[in-house]
Amino acid sequence: MSRVEEVFPRISPKEWLILGLLIGGERYGLELVELSEGKLAKGTVYVTLNRMRLKGLVESRLEELPPDATGLPRRLYRPTGYGQRVTRAWELAGAQPAPSGVSG
Amino acid sequence: MKVGEGGESRIGFDERQLEEQVRYLLSLRLKTQPSLVNGALVRDHLDALLVALRNGKLRDEHEFDAFIYDRLAGAGYEQSAGAGLLGKRMLFGKPQRAAWRRFVDTFVLRRGRIVRAPGHLMDAVAEFFASPETYKHVFQELIGDLREEYSRALFDERKWKARWIRFAYVCRFGASVWQHGIGTLVQGFVRMFVGPPK
């Protein structure tokens with residue numbers, strides 16, 4: 001077992017892809033599906049995001065709407081500081097390729 | 001006057017007044033999400049309706065009624081539908097039809113039938129069975145997406161696509177339940193045999 005594996009949780013390929021997409025900025029679920037070019041499914045992206053939220057890799061907030069707007073706002077996701085550290089650690093360990101949008 | 005020219009429409013109501021009234025009703029309990037359709041911000045069926053009205057996309061009052069019924073019922077107004085919809089019908093100034101015609105409209109042509117917003121059953125099932133957190137972060141988002149795509153399809157007058165979207169999202173809902181259930185089961189086994197996560 002590598003040192004990284006002892007300290008940080010494993011990231012599945014889907015989680016890795018989502019983290020890569022989120023590094024570009026806050027995004028909502030449907031947007032992530034569209035950007036993933038078929039690698040993420042509409043039916044399961046929220047389950048994955050919820051799992052990542054429970055792991056502390058991402059956090060979410062509700063989109064702000066104008067005062068006269070009706071309906072529920074979208075939920076926007078972004079990586080947490082911990083999520084970014086985990087991503088960086090795995091990337092440095094060479095176990096995962098750099099997610100798209102990650103420089104260096 | 002043609003629908004969509006603003007002010008009083010051809011079916012005899014003040015569009016702005018109706019918009020305010022329906023907005024108020026819908027603001028009480030609405031579970032939809034915003035979307036962008038042809039450059040206009042469309043937040044739900046009501047907005048899709050209003051944009052469609054302005055653009056003259058709705059052809060007749062049956063389509064209009066169907067939208068309003070759908071919105072009111074989708075917003076949880078089925079119980080008070082009697083007074084509410086009667087009021088709306090009077091506001092529409094629609095002539096009363098013969099009993100046989102109402103029967104045909106309701107049960108054969110399904111016009112003016114009270115229908116709920118798409119995903120209402122999935123919403124109820126998820127709200128009952130899932131934990132509040134899971135419901136909020138997984139299922140409510142999924143149903144929001146369904147309504148967004150459904151509204152887009154309706155706005156584009158693609159009824160069959162809208163129907164297909166409803167069906168596809170039932171499958172996606174099933175996939176979500178399956179994946180969430182399997183995930184929870186695996187986590188339970190991991191906790192049982194390996195211990196809590198680090």
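Order of the sequence lines sets the chain letters (A, B, ...), proteins ahead of strands, with each chain counted from 1.
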Show the nearest heavy-atom pair for residues [X] and [Y], with the distance to one decimal.
X	Y	result
B:Val138	A:Tyr46	CG2-O, 3.7 Å
A:Val47	B:Ser176	CG2-O, 3.6 Å
A:Tyr77	B:Glu141	OH-CG, 4.4 Å

Return the [atom1] to [atom2] distance between [X] and [Y], rounded to the nearest 0.5 Å.
X	Y	atom1	atom2	answer
B:Ser131	A:Asn50	OG	CG	7.5 Å
A:Lys42	B:Arg172	NZ	CZ	4.5 Å
B:Thr134	A:Arg51	OG1	CZ	11.5 Å
A:Leu54	B:Glu133	CG	CD	8.0 Å

So what's closer than 4.5 Å to chain A heavy atoms on B:Tyr169: side chain, backbone, both or neither? side chain
Taking the side chain as every heavy atom from C-beta outward, state whether A:Arg75 and B:Gln140 have any atom pair closer than 4.5 Å. no
side-chain contact (heavy atoms from CB on, under 4.5 Å) between B:Gln179 and A:Thr48: does it pass, once the steps are laid out? CA-CA 9 Å; B:Gln179 204 198 23; A:Thr48 311; 4.1 Å; yes
